[in-house]
Amino acid sequence: MLRTHTAGELTKANVGQSISLCGWVDQLRDIGQLVFLSLRDRYGVTQCVFESANAEHPLLAKLKSLGHEFCVRVDGVVRMRSEKDINRSQPSGEIEVVIDELTILNESCELPFQVRDDVMAADDLRLKFRYLDLRRPKMQRNLQIRHQVVQATREALSELGFLEIETPMLIRSTPEGARDFVVPSRLHPGKFYALPQSPQLYKQMLMISGCDRYFQFAQAFRDEDLRADRVPVHTQIDMEMSFVEEKDVFAAVEKYMSNIFMKVKGIKLDTPFHIMSYQEAMDRFGCDKPDTRFALELKTITELAYKSSFGVFKDASCVRCLVVPNGESVTRKDLDGELADAAKIYGAKGLAWTRVKEGSLSGGIGKFLSEIEKPLLSEIGAQEGALILFVAASYNRCCAALSAVRLKLAAKLDLIDHSQFNFLWVNDFPLFEWDEDRKAYNAMHHLFTMPKVEDIQYLDSDPGRVRGQLYDLVLNGVELCSGSIRINRPEIQSQVIDIVGMPKEEAESKFGFLLESFKYGAPPHGGSAVGLDRLVAILCGESSIREVIAYPCNNVGVFPLDNSPAQLNPQQLGELKLSINPSQDA
RNA sequence: GGGGGAGUAGUUAAGUUGGUUAUAACGCCGGCCUGUCACGCCGGAGGCCGCGGGUUCAAGUCCCGUCUCUCCCGCCA
């Protein structure tokens with residue numbers, strides 16, 4: 001090794017030792033005949049120092065020639081700093097290294113941005129020079145936490161008897177759900193592989209193989225439009241178990257999640273996590289991934305609202321409201337601006353409001369509600385000073401709009417305790433959702449989810465009523481995980497395929513191999529997939545998953561570092577027997 | 001596919017109802033400094049104001065187009 005120690009590990013225990021450090025020039029503080037060099041590596045920063053009465057000393061000159069991010073090696077002796085010079089904010093702040101020799105391992109060009117946690121460059125520039133961006137201590141810490149999460153998961157699942165097994169990356173394209181990334185085959189011109197959107201089918205077949213318990217850190221690829229928290233490649237903690245019911249999957253997830261929080265945060269999680277049905281979540285929070293760190297629950301007042309003189313309410317299929325206790329600080333500007341906009345984005349025509357003042361409704365639409373004032377106040381439990389916000393639309397739009405308003409209000413009124421980690425299982429999702437365009441049912445999750453046993457009787461008569469053995473894990477309003485108990489019986493599987501209107505031949509050609517595998521003693525099984533990037537982002541206190549992925553792409557799917565995607569050269573296209581038709585619009 | 005926002009020095013930003021030489025901080029270069037740690041002080045260089053067109057005596061500023069990025073809806077677990 002070119003070094004004996006790292007910059008993060010030296011303490012007063014090393015005083016008097018001759019040591020060598022390698023790293024980068026974090027900062028050079030040149031006081032003339034006294035020069036301080038802060039040397040940074042992954043482990044921390046150590047102050048190195050050289051002083052000389054001789055202003056012409058060659059080592060002084062060499063130190064002064066250093067620039068930011070030069071890669072250097074320092075040989076020297078560790079010494080205690082005098083009491084007044086101790087830096088309490090650094091782990092190695094009690095000591096410093098007196099430089100005997102300085103080796104410049106490599107110089108650095110002038111930097112595109114400063115490598116410091118408190119200096120933030122634009123995202124695209126950071127990604128173009130990602131190797132510099134990752135030198136920042138915060139990014140190093142994020143990668144380290146990600147590693148700890150992976151290790152803690154591996155440890156806990158291994159202990160439970162799970163096998164880590166890889167599933168194929170080049171698979172058959174099944175145009176269900178998201179668009180596939182496709183890979184042309186050279187050996188089979190005109191044919192394409194797809195990159196997996198999830199290892200779903202392969203992990204289910206591992207259960208049929210008798211592997212019993214599987215997990216994998218699986219990369220999942222989706223060719224869809226991006227968002228701040230959505231990238232085309234993300235990593236899942238993917239697992240599957242045989243001979244289980246929902247609660248067994250919950251227990252396994254809770255086990256590794258507990259290990260993660262203990263190892264990374266030193267926090268003991270309260271298990272089992274609270275469970276809430278989809279319907280309850282929608283009724284109370286208007287959202288299937290409610291942030292339960294604050295209250296602000298929704299109420300449905302459709303029947304009562306019809307009796308008011310407010311015309312908009314009479315025309316709506318559903319009227320829901322949100323009661324904000326002590327809502328005086330929410331201004332007209334907020335109501336008509338930010339909050340109304342939030343509601344409108346999700347399909348509400350507007351956001352009606354009124355306030356409880358001196359026991360009656362005042363302001364906004366209050367004057368139209370006098371007929372129902374008393375029953376309304378008691379039904380929704382609004383107290384003096386409350387602000388009441390209404391949306392009149394379909395049930396789903398009411399939920400979406402008021403849920404968005406609820407989140408805005410929580411931020412505005414500072415209702416969220418950011419030290420909390422609120423886990424919540426949401427289950428009993430509907431198995432199907434109605435697709436208005438297609439005039440048919442779609443699978444809410446995927447086609448392989450087992451209906452709830454007591455709802456199987458409605459599969460033929462009323463599919464919309466059938467709930468699935470389908471669950472999400474929500475943490476602080478972020479959907480971390482989804483999973484289900486799978487169908488293992490061919491006759492139920494074909495019923496489900498019928499309901500979504502997929503012809504038998506199509507099902508056969510897309511995933512006939514899975515259906516066939518069910519015929520050979522497929523065990524009852526189920527599993528889940530946790531979004532690793534989102535989990536790590538929450539643990540790091542980051543709002544974007546790009547902060548916890550070493551090499552993410554930007555928001556339009558371009559990776560500025562290597563400038564992918566890129567064109568293929570004619571020879572490559574020729575080998576693949578592909579031609580590009582640029583004039584064709586999709 | 002649709003809507004909002006942004007693009008000015010290496011970086012991050014300011015730039016008034018259109019008006020002289022386009023500011024600041026950090027970085028960079030030079031000088032001074034023996035206890036700094038966001039070191040300090042003095043000096044300096046650095047600009048196609050994203051690109052193209054238009055309005056005007058005059059455009060960083062107004063208009064149109066275009067490119068890039070960003071946030072959101074749709075889409076997507």
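A quick note: this is a predicted structure, and the numbers were derived from the prediction, not measured. Chain A is the first sequence line, chain B the second, and so forth, proteins listed ahead of strands; every chain is numbered from 1. In what follows, every heavy atom counts, from backbone to side chain, and hydrogens, waters and symmetry copies are set aside.
- Between A:Ile545 atom CD1 and B:U70 atom P the separation is 13 Å, expressed in whole Å.
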Within the sub-3.5 Å range, which N or O atoms of nucleotides 35-38 of chain B have a protein N or O partner, and how far apart are they?
{"residue": "B:G35", "atom": "O2'", "partner": "A:Lys84", "partner atom": "NZ", "Å": "2.9"}
{"residue": "B:G35", "atom": "O2'", "partner": "A:Asp85", "partner atom": "OD1", "Å": "2.8"}
{"residue": "B:G35", "atom": "O2'", "partner": "A:Asp85", "partner atom": "OD2", "Å": "3.4"}
{"residue": "B:G35", "atom": "O6", "partner": "A:Glu51", "partner atom": "OE2", "Å": "3.4"}
{"residue": "B:G35", "atom": "O6", "partner": "A:Arg79", "partner atom": "NH2", "Å": "2.6"}
{"residue": "B:G35", "atom": "N1", "partner": "A:Glu96", "partner atom": "OE1", "Å": "3.4"}
{"residue": "B:G35", "atom": "N1", "partner": "A:Glu96", "partner atom": "OE2", "Å": "2.9"}
{"residue": "B:G35", "atom": "N2", "partner": "A:Gln47", "partner atom": "NE2", "Å": "3.4"}
{"residue": "B:G35", "atom": "N2", "partner": "A:Glu96", "partner atom": "OE1", "Å": "2.5"}
{"residue": "B:G35", "atom": "N2", "partner": "A:Glu96", "partner atom": "OE2", "Å": "3.3"}
{"residue": "B:U36", "atom": "O2", "partner": "A:Arg29", "partner atom": "NE", "Å": "2.6"}
{"residue": "B:U36", "atom": "O2", "partner": "A:Arg29", "partner atom": "NH2", "Å": "3.2"}
{"residue": "B:U36", "atom": "O2", "partner": "A:Gln47", "partner atom": "OE1", "Å": "3.4"}
{"residue": "B:U36", "atom": "N3", "partner": "A:Gln47", "partner atom": "OE1", "Å": "2.7"}
{"residue": "B:U36", "atom": "N3", "partner": "A:Gln47", "partner atom": "NE2", "Å": "3.1"}
{"residue": "B:U36", "atom": "O4", "partner": "A:Gln47", "partner atom": "NE2", "Å": "2.8"}
{"residue": "B:U36", "atom": "O4", "partner": "A:Arg81", "partner atom": "NH1", "Å": "3.4"}
{"residue": "B:C37", "atom": "O4'", "partner": "A:Arg29", "partner atom": "NE", "Å": "3.0"}
{"residue": "B:C37", "atom": "O2", "partner": "A:Asn87", "partner atom": "ND2", "Å": "3.0"}
{"residue": "B:C37", "atom": "N3", "partner": "A:Arg81", "partner atom": "NH1", "Å": "3.0"}
{"residue": "B:C37", "atom": "N4", "partner": "A:Asp85", "partner atom": "O", "Å": "2.5"}
{"residue": "B:A38", "atom": "O3'", "partner": "A:Gln27", "partner atom": "NE2", "Å": "2.7"}

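- Using atom P as the reference point in both B:C63 and B:U16, the two lie 14 Å apart (nearest Å).
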Would you be so kind as to tabulate the donor-acceptor pairs closer than 3.5 Å made by side chains of residues 37-45 of chain A, with sequence neighbours excluded?
{"residue": "A:Ser38", "atom": "OG", "partner": "A:Arg29", "partner atom": "NH1", "Å": "3.2"}
{"residue": "A:Ser38", "atom": "OG", "partner": "A:Arg29", "partner atom": "NH2", "Å": "3.2"}
{"residue": "A:Arg40", "atom": "NE", "partner": "A:Asp26", "partner atom": "OD1", "Å": "2.8"}
{"residue": "A:Arg40", "atom": "NH2", "partner": "A:Asp26", "partner atom": "OD1", "Å": "3.2"}
{"residue": "A:Arg40", "atom": "NH2", "partner": "A:Glu69", "partner atom": "OE1", "Å": "3.2"}
{"residue": "A:Arg40", "atom": "NH2", "partner": "A:Glu69", "partner atom": "OE2", "Å": "2.4"}
{"residue": "A:Asp41", "atom": "OD1", "partner": "A:Tyr43", "partner atom": "N", "Å": "2.8"}
{"residue": "A:Asp41", "atom": "OD1", "partner": "A:Gly44", "partner atom": "N", "Å": "3.2"}
{"residue": "A:Asp41", "atom": "OD2", "partner": "A:Ala7", "partner atom": "N", "Å": "2.8"}

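- Looking at A:Asp562 and A:Ser564, their side chains do bring a donor and an acceptor atom within 3.5 Å of each other.
- Residue-to-nucleotide contacts include a donor-acceptor pair under 3.5 Å from the side chain of A:His445 to the base of B:A77.
- Qualifying side chain to side chain donor-acceptor pair (under 3.5 Å) partners for A:Gln219, counting only residues two or more places apart in sequence or in other chains: A:Thr235.
- The NZ atom of A:Lys412 sits 6.5 Å away from atom CG of A:Leu339, with the distance rounded to the nearest 0.5 Å.
- Between A:Leu532 atom CG and B:A77 atom P the separation is 19 Å, expressed in whole Å.
- For A:Asp225, there are no side chain to side chain donor-acceptor pair (under 3.5 Å) partners, not counting sequence neighbours.
- The stretch residues 226-235 of chain A participates, sequence neighbours left out, in these salt bridge (charged side-chain N to carboxylate O under 4.0 Å, His left out) pairs: A:Asp229-A:Arg534.
- In the set B:U34, B:C69, B:C73, the nucleotide with an atom closest to the side chain of A:Gln33 is B:U34.
- Atom NZ in A:Lys128 sits roughly 12 Å away from atom C1' in B:G10 (whole-Å rounding).
- A 3.5 Å limit on both hydrogen-bonding distances identifies B:G31 as the Watson-Crick or G-U partner of B:C41.
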Provide a list of protein-nucleic acid N or O atom pairs under 3.5 angstrom, restricted to nucleotides 3-9 of chain B.
none

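- Taken to the nearest 0.5 Å, the CG atom of A:Leu10 stands 5.0 Å off from the CD1 atom of A:Ile95.
- The nearest whole Å value for the distance from the NZ atom in A:Lys64 to the P atom in B:U34 is 9 Å.
- The nearest whole Å value for the distance from the CG atom in A:Asp341 to the P atom in B:C72 is 15 Å.
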What N/O pairs connect the protein and nucleotides 11-14 of chain B at under 3.5 Å? Give each pair on its own line.
{"residue": "B:U11", "atom": "O4'", "partner": "A:Pro112", "partner atom": "O", "Å": "3.4"}
{"residue": "B:U12", "atom": "OP1", "partner": "A:Ala122", "partner atom": "N", "Å": "2.8"}

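- Rounded to whole Å, the P atom of B:A24 lies 15 Å from the corresponding atom of B:G47.
- Mapping A:Cys481 and A:Asn54 onto RNA chain B via the closest heavy atom, the residue that lands nearer the 5' end is A:Asn54.
- Of all nucleotides present, only B:G54 satisfies the Watson-Crick or G-U wobble test against B:C62, with each distance under 3.5 Å.
- B:G35 and B:A45 have their P atoms separated by 32 Å, given to the nearest Å.
- Contacts with RNA chain B (heavy atom under 4.0 Å) in residues 219-237 of chain A: A:Arg222, A:Glu224, A:Asp225, A:Arg227, A:Ala228, A:Arg230, listed by number.
- Separation of the A:Trp24 and A:Phe70 ring centroids does not fall under the 6.0 Å cut-off.
- Taking the six-membered ring for Trp and the full ring otherwise, the centers of A:Tyr471 and A:Phe429 sit at least 6.0 Å from each other.
- Between the side chains of A:Glu280 and A:Tyr278, no donor-acceptor pair is found at a separation under 3.5 Å.
- Nucleotide B:A77 forms a pair with no other nucleotide shown, judged by Watson-Crick or G-U wobble geometry with both contacts under 3.5 Å.
- Between the P atom of B:C73 and the CZ atom of A:Arg397 lies a distance of 15 Å, rounded to the nearest Å.
- Counting only residues at least two apart or on different chains, the salt bridge (charged side-chain N to carboxylate O under 4.0 Å, His left out) pairs with a member in residues 193-207 of chain A are A:Lys203-A:Asp238, A:Lys203-A:Glu240.
- Within the model, atoms CZ of A:Arg146 and CZ of A:Phe217 stand 10.0 Å from one another, a figure rounded to the nearest 0.5 Å.
- For the residue pair A:Asp428/A:Gln279, the side-chain donor-acceptor check at 3.5 Å is not satisfied.
- Side chains of A:Asn54 and A:Ser52: no donor on one and acceptor on the other come within 3.5 Å.
- Listed by chain and residue number, A:His446, A:Phe511 satisfy the ring pair (Phe, Tyr, Trp, His ring centres under 6.0 Å) test with A:Phe448 (two or more places apart in sequence, or in another chain).
- A distance of 11.5 Å separates CG of A:Asp288 from OG of A:Ser277, quoted to the nearest 0.5 Å.
- B:G10 sits 34 Å from B:U17 when the C1' atoms are compared, rounded to a whole Å.
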Name the pairs: protein N/O against N/O of nucleotides 41-46 of chain B, kept only if under 3.5 Å.
none

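- Rounding to whole angstrom units, OH of residue A:Tyr471 and C1' of B:A77 are separated by 14 Å.
- With sequence neighbours left out, the side chain to side chain donor-acceptor pair (under 3.5 Å) criterion links A:Asp124 to A:Asn554.
- The nearest whole Å value for the distance from the CZ atom in A:Arg136 to the P atom in B:C26 is 19 Å.
- Side-chain polar atoms of A:Thr46 and A:Glu96 form no donor-acceptor pair below 3.5 angstrom.
- For B:U68, the paired base is B:A6 (Watson-Crick or G-U wobble, both distances below 3.5 Å).
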